[in-house]
Each structure stands twice: as C-alpha cells, then as structure tokens.
Protein chains: 2
Amino acid sequence: MRTRQAVEVLATLGQETRLDVFRLLIQAGPAGLPAGEIAARLKIPLATLSFHLQHLKQARLAHSKKRGKLVIYSANFTTVDCLVGYLLHDCCGRPRTGLEVCGQAASESKAGAKSVSERADS
Amino acid sequence: MRTRQAVEVLATLGQETRLDVFRLLIQAGPAGLPAGEIAARLKIPLATLSFHLQHLKQARLAHSKKRGKLVIYSANFTTVDCLVGYLLHDCCGRPRTGLEVCGQAASESKAGAKSVSERADS
DNA sequence: CTTACGATTCTACAATACTAGAACCATGAG
DNA sequence: CTCATGGTTCTAGTATTGTAGAATCGTAAG
C-alpha cells in the first residue's frame, strides 16, 4: 500500500459514523448487510448512510452486491490488513514477519514484491 | 484503545501533511527533530507545521521536549501499535497473538487487563 | 537591557466534509 | 402497467479543517 492510499483509508476510518458502519459490517461477516438494515441499526438517515458507504467503497473498505432490490454491503478485511502492514512496515520501519495477509486483493497489483520498507511513497 | 481514541488517531494520520510529518519523525528516531528542521525539510510554513504538531500531540502520536530555544519533536510509536491492535482485534475480531506491544504507555491506564475484544467501545 | 531567532498563537480566509430532506431511479409484487 | 419499497443522487445549509501571514512569546546571546 502506498502512502496516498493509506491516507485515504485512514481518513475514511477517522470519522465516527463511518467507523461505526465499518465495525457493523465486520460484525456482520461475509454475508454482509443491506443498506436499510445498517441505517436502521445505527439510526441514521439512508441518505447520510449512502454518503458514507460510497466513501467506504471508494477506499476499498467495503463492497456491495445486489440481491433483488436490496444492496448488500460487506466489509473488505484485506484493506485493513494492508493498512496495518503500511503502518507497521512502510511507515514505521518494523521488520516484516511473513505472516502478513495483504498483497494483491486490495492493491492495484502492479509490480510484484518490493520486499522491505524504505520509501513506500506517493 | 477505545473507539473514540482510535477515531482521533485515524483522523490525525488521515491527512497528508500530518502523515508526512509523522513519517519524518519516525525516520528521525528517538532523537527527534526540532520544529524548524521539520518545516524546512517538508517545505511548509512554521505556522502550518505547528498546527499539525499540536494535532499529533493531542492524538499522542508525538511528544515534544525543549532543548534550549529549540523544541524537539519525536514520534510515539506505541500509539501506532495500539491503533494496529485496535484495528485487528477490537474492531475486527482477530485473535490476539500475545506479541502486541500496546498497553500502558499510550493509554490512560485506567482499569487494567480487559483481555479479549468484544466491545472496545466509546 | 536589547537584539535575534525559534516556535507558538492569533486571525481570517478557503476548501472540504457532514448531514439530511427531497427528488429520483430500480426492482419486484399485484 | 401501476404501485410500493429500497437505495442513490441532488441540493443546500452548517460545521469543521487546512493554510499561512502577522503578531506574540521565550530563550539565549551580545
């Protein structure tokens, strides 16, 4: 994960309503939740929720699929793993353990490895 | 770390200038850097930098000490560890590994343990 | 004491983000 | 086709945040 994307993900989660939504989606697991259900549980207007859901999608923290007339949202855990990887290694120089689960799923999968930290810029 | 604090830390790092400052402080290590030096390296006005440094301090991501007429800032790595812990465990339900380095240093050290995840709220 | 310099605070402006009602668009049921 | 329902987009108002010049404060040297 590059710094630019990390900023986006951090800013997205650095907002109370959005973090609430995200946590709810995490709790819901892979099955996800329809938008209306999220709005009901968190007691926020659908319009407001929709605004935040687009944000979460943009940051690849959530994705949606349609089922009938419902739009089911689910959390993208991989992006959090990538963010954690960025925070520990690229940003802060901690050695990688090899247990990281990031990689392709939430990156643009351009050039492959790029082993250790030192400039994970722009 | 509680959700409230996590939001603050996430929002603080979710701003390009501030993340740049923080990364520079991390690179500088425990010795830290005087404010003027940071401003010079990042090419931002001192007033703007000061604004962001107060933010970083408020979120416990940095702290300052005076040496003569200089104010030396250094990064607080522990807070990042706590944030990572929150993201993985409290927020997202991953099992704790026992390798976490969070704990007292960057928390208000109120009541002690509170072992596993499940509601790390407000 | 006076001056120089590093840093913070004051202030104001610009930009961005959050909220939510209202209008609108899809989909499935009748 | 028409209607009801779930969701998004439009729109606008409010609040918050980021930027940076100018004024100010604090420390150390002359």
Side-chain angles (χ1 to χ4, degrees), chain A residues 3-25 28 31-75 122, chain B residues 3-25 28 31-76:
Chain A
T3 296
R4 184 62 57 87
Q5 196 194 346
V7 167
E8 186 180 24
V9 176
L10 287 161
T12 299
L13 292 179
Q15 208 282 347
E16 201 160 4
T17 307
R18 230 140 43 204
L19 186 55
D20 286 344
V21 172
F22 184 71
R23 296 208 300 151
L24 187 56
L25 290 179
L33 284 175
E37 177 72 18
I38 302 169
R41 292 212 203 168
L42 299 180
K43 296 189 184 66
I44 53 179
L46 257 179
T48 300
L49 175 67
S50 213
F51 170 83
H52 289 299
L53 285 172
Q54 302 323 308
H55 244 273
L56 287 165
K57 280 178 69 172
Q58 166 67 28
R60 296 170 177 275
L61 282 161
H63 56 100
S64 61
K65 60 191 176 213
K66 306 194 70 171
R67 202 178 58 201
K69 61 166 66 170
L70 301 181
V71 180
I72 313 288
Y73 282 86
S74 41
S122 190
Chain B
T3 295
R4 184 62 58 88
Q5 195 194 346
V7 168
E8 186 181 23
V9 175
L10 286 161
T12 300
L13 292 179
Q15 209 281 349
E16 201 160 4
T17 307
R18 229 139 43 204
L19 186 55
D20 285 345
V21 172
F22 184 71
R23 297 208 301 150
L24 186 57
L25 289 179
L33 284 175
E37 177 72 18
I38 301 171
R41 291 213 202 167
L42 299 181
K43 296 189 184 66
I44 53 181
L46 259 180
T48 301
L49 174 67
S50 213
F51 169 83
H52 290 298
L53 285 173
Q54 301 323 307
H55 244 273
L56 288 165
K57 280 177 70 172
Q58 166 67 29
R60 296 170 176 275
L61 282 161
H63 55 101
S64 61
K65 59 190 176 212
K66 307 194 69 171
R67 202 177 57 200
K69 61 166 67 171
L70 301 180
V71 180
I72 312 287
Y73 282 88
S74 42
N76 190 351

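Numbered from 1 within each chain, the chains take letters A, B, ... in sequence-line order.
- Heavy-atom distances under 4.0 Å link DNA chain C to no residue of residues 7-15 of chain B.
- Atoms CG (B:L33) and C1' (C:dG6) sit 15 Å apart, rounded to a whole Å.
- Interface residues of residues 45-56 of chain B facing DNA chain D, ordered by number: B:P45, B:A47, B:T48, B:F51, B:H52, B:H55; criterion, heavy-atom separation under 4.0 Å.
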Step-by-step side chain to side chain contact (heavy atoms under 4.5 Å, CB included) determination, B:V71 to B:S64: CA-CA 6 Å; B:V71 180; B:S64 61; 3.8 Å; yes

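- Along DNA chain C, the nucleotide closest to A:T17 and the one closest to B:E37 are compared, and the more 5′ of them pairs with B:E37.
- For the atom pair NZ of B:K65 and CD1 of B:I72, the computed distance is 7.0 Å after rounding to the nearest 0.5 Å.
- For the pair B:L24/B:R41, a side-chain contact is recorded, criterion being any heavy-atom separation below 4.5 Å from C-beta on.
- Side chain of B:R18 to backbone of B:H52: no donor-acceptor contact under 3.5 angstrom is found.
- In this model, the phosphate group of D:dG18 is approached by a side-chain N or O of B:R18 to a distance below 4.0 Å at OP1 or OP2.
- Put simply, CD on A:Q58 is 13 Å from P on C:dC18, counting in whole angstrom units.
- Near-neighbour residues of DNA chain C inside residues 67-74 of chain B, defined by a heavy atom below 4.0 Å, number-ordered: B:K69, B:L70, B:V71, B:Y73.
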Check against side chain to side chain contact (heavy atoms under 4.5 Å, CB included), B:K66 and B:L70: CA-CA 6 Å; B:K66 307 194 69 171; B:L70 301 180; over 6 Å; no

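- At whole-Å resolution of the value, CD in A:E16 and C1' in C:dT19 are 14 Å apart.
- Between B:E8 and B:R60 there is no salt bridge, since none of the side-chain N atoms of the basic residue sits less than 4.0 Å from a carboxylate O of the acidic one.
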If you apply the rule side chain to side chain contact (heavy atoms under 4.5 Å, CB included), what do you find for B:N76 with B:L61, and how did you get there? CA-CA 5 Å; B:N76 190 351; B:L61 282 161; 5.6 Å; no

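- Rounding to the nearest 0.5 Å gives a distance of 9.5 Å between CD of A:Q15 and CG of A:L56.
- The only member of B:L33, B:I44, B:L46, B:D20 that meets side-chain contact (heavy atoms from CB on, under 4.5 Å) when paired with B:I38 is B:L33.
- The distance from atom CD of A:Q54 to atom NZ of A:K57, rounded to the nearest 0.5 Å, is 5.5 Å.
- Residue A:I44 contributes atom CD1, which lies 12 Å from atom P of C:dC18 at whole-angstrom precision.
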